[in-house]
Every structure is written in C-alpha cells, then in structure tokens.
Amino acid sequence: MQWTLVIPLKPLSRAKSRLSDTAHDGVRPQLALAFAQDTVAAALDCPAVADVAVVTDDRLAARELAVLGARIVPDAPRAGLNAALAHGAATVRATGGARPVAALNADLPALRPAELARVLDAAAEFPRAFLADAAQIGTTLLAVAPDQELRPAFGTGSRGRHRESGAVELRLDSVPSVRQDVDTGDDLRAALALGVGPRTAAAAARLLTAGH
C-alpha cells in the first residue's frame, strides 16, 4: 500500500516562535525551512509513500519544497493548521485517486524513511490511526483509509483529542524519528542527538557558530 502524505507549513516568518530561547527572529525561518526540507526529502524516500503534498502559502518554502518533488497546495482556507490539513486532504483526493492519506508534521528533521514506513504499515491496519509525539502530548502523524475523513485535531494536547475522536493510537517502539518534532530548544537538541538531515544540520551549525 502506498500513501499520500499531506504536510502543513505556515509562513516561515511566523514559524517556530517557541524556539525563541534558542534562535533569534532572523534564524528561525531558516530553521523552519530546513526542518521542512529534511522532512519532505525523507518522506519522499520512504517506499510506502507515493507522493507528498505540502499545504503552504509561503513562496520560498513552496519553491524549495517543489524542487525536492513535493506537490504544493495553496492554503486556501487560511484558517489555521487543521483547516489547512483538511483542505490538503480533500485536494489530493480530488485528483489523486483512492489512496490512503496521512497528515505529517513539517518539523521532523531526523525523520528516517524506514521508520516512517513502519508507522504507515501499522496504520494501514485501521480505518483511522495516529502516532503521538515524543512528549506524549501531541501528534506527529494522523492516517486514514481511503474511505475515511481525516478529521484532524492537531495542536497542543492533540493526542487526547485524536483518541477521543476514535482514532487508534499506534503504540510502536523504535520509531523515534517519526515522533521527534521540534518546537523548543530541547526538542532541537533531541533531534540533533538522533541525527538530523543535511539541511537542518547545516542550519544548526550556523546557529551554533553565531553563538545563539
């Protein structure tokens, strides 16, 4: 089974505000783009993934992610993360046939294709399933069968909301790269310890060199 992934990305100028303790305003957009680039590149290298659609209105991000092979879907609703995901899922289903769809965070810079394949293979057993983040509070992936609506409920505390909505929680070991999203400086350090993609590694090296 091959999946279509939908990845939301807000304008880079507003991304990753919680990294302010680690990176200043001039650096955070670069980090957010690097996270998204490494996430998309790893997702496209996953054998379980047929294609990746990024929902964004950021022109720079759209251009750079399209170069990697992502399809760009404009964020027509402009009503936040969950509206963007629902719109992205509807758009890809209108043009991409009856594939299963999964929403994936854009800030998984340590993502490993083999670990993502394990998660998607497990998700295929259920009509609707999700993976909690490393903190066990949020969600990094929400997957649905072709005949199911995505019904995303991402944001703070989304693990509980997805469980309450009837989605099955995937309790998998040894998939840390799919769980480790980056919102804070501690998250970034945890991702670096796992081993991040080349763009995040370069951006983090510039950050450290600058003394931030």
Side-chain angles (χ1 to χ4, degrees), residues 3 5-10 12 15-23 27-49 51-56 61 64-65 67-70 81 85 102-123 129-143 154-156 158-159 169-210 212:
W3 295 73
L5 300 189
V6 179
I7 298 178
L9 182 62
K10 67 173 62 174
L12 298 176
K16 297 299 148 196
S17 59
R18 291 171 60 193
L19 273 173
S20 59
D21 63 338
T22 302
V27 172
R28 286 199 303 275
Q30 300 170 36
L31 282 171
L33 177 57
F35 297 163
Q37 288 173 303
D38 286 333
T39 300
V40 167
L44 287 168
D45 281 342
C46 176
V49 173
D51 63 323
V52 172
V54 177
V55 184
T56 188
E64 295 297 327
L65 296 173
V67 167
L68 296 176
L81 173 62
L85 282 169
L104 183 71
N105 286 10
D107 57 352
L108 299 168
L111 187 63
R112 303 284 190 273
E115 291 182 17
L116 177 58
R118 282 194 62 210
V119 174
L120 292 172
D121 287 348
F130 74 96
L131 186 74
D133 64 8
Q136 296 293 299
I137 297 171
T139 303
T140 57
L141 180 142
L142 174 67
F154 284 82
T156 303
S158 63
R159 179 192 185 193
E169 181 170 358
L170 300 172
R171 300 185 180 276
L172 299 174
D173 296 324
S174 303
V175 291
S177 76
V178 197
R179 295 186 185 273
Q180 188 57 68
D181 54 353
V182 178
D183 288 317
T184 67
D186 286 343
D187 293 338
L188 178 55
R189 286 182 280 274
L192 290 169
L194 285 175
V196 296
R199 298 162 189 85
T200 301
R206 289 194 297 271
L207 180 66
L208 294 172
T209 300
H212 297 287

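As the structure is a computational prediction, the values presented were derived from the model and not from experiment.
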In Å, rounded to the nearest 0.5 Å, how long is the span from [atom1] of [X] to [atom2] of [Y]?
| X | Y | atom1 | atom2 | result |
| --- | --- | --- | --- | --- |
| Phe35 | Asp181 | CZ | CG | 10.0 Å |
| Ile7 | Leu65 | CD1 | CG | 8.0 Å |
| Leu5 | Cys46 | CG | SG | 7.5 Å |
| Leu44 | Leu68 | CG | CG | 7.5 Å |

Which heavy atom of [X] sits nearest a heavy atom of [Y], and at what distance?
| X | Y | answer |
| --- | --- | --- |
| Leu33 | Ala61 | CD1-CA, 3.9 Å |
| Gly155 | Leu81 | N-CD2, 4.3 Å |
| Phe154 | Thr139 | CE2-O, 3.4 Å |
| Val52 | Ala43 | CG2-CB, 4.0 Å |
| Ala201 | Val196 | N-CG2, 3.6 Å |
| Ala110 | Leu194 | CB-CB, 4.0 Å |

pair [X]-[Y]: side-chain heavy atoms closer than 4.5 Å:
| X | Y | value |
| --- | --- | --- |
| Gln180 | Leu108 | no |
| Arg159 | Phe130 | yes |
| Val6 | Leu104 | no |
| Leu116 | Leu141 | yes |
| Thr39 | Asp107 | no |
| Thr56 | Pro8 | no |
| Val55 | Leu9 | no |

Between Asn105 and Thr140, do the side chains contain an N or O donor and an N or O acceptor separated by less than 3.5 Å? no

Is there a donor-acceptor pair closer than 3.5 Å between any side-chain N or O of [X] and the backbone N or O of [Y]?
| X | Y | value |
| --- | --- | --- |
| Asp187 | Thr184 | yes |
| Arg179 | Ala132 | yes |
| Thr200 | Gly197 | no |

NZ/NE/NH1/NH2 to OD/OE distance under 4.0 Å, Arg118 and Asp121: no

Residues forming a salt bridge (Lys or Arg N to Asp or Glu O under 4.0 Å) with Asp133, sequence neighbours excluded: none

side-chain contact (heavy atoms from CB on, under 4.5 Å) evaluation trace for Leu170 with Val119: CA-CA 8 Å; Leu170 300 172; Val119 174; 3.9 Å; yes

Apply side chain to side chain donor-acceptor pair (under 3.5 Å) to Ser177 and list each qualifying residue two or more places apart in sequence or on a separate chain. Glu115

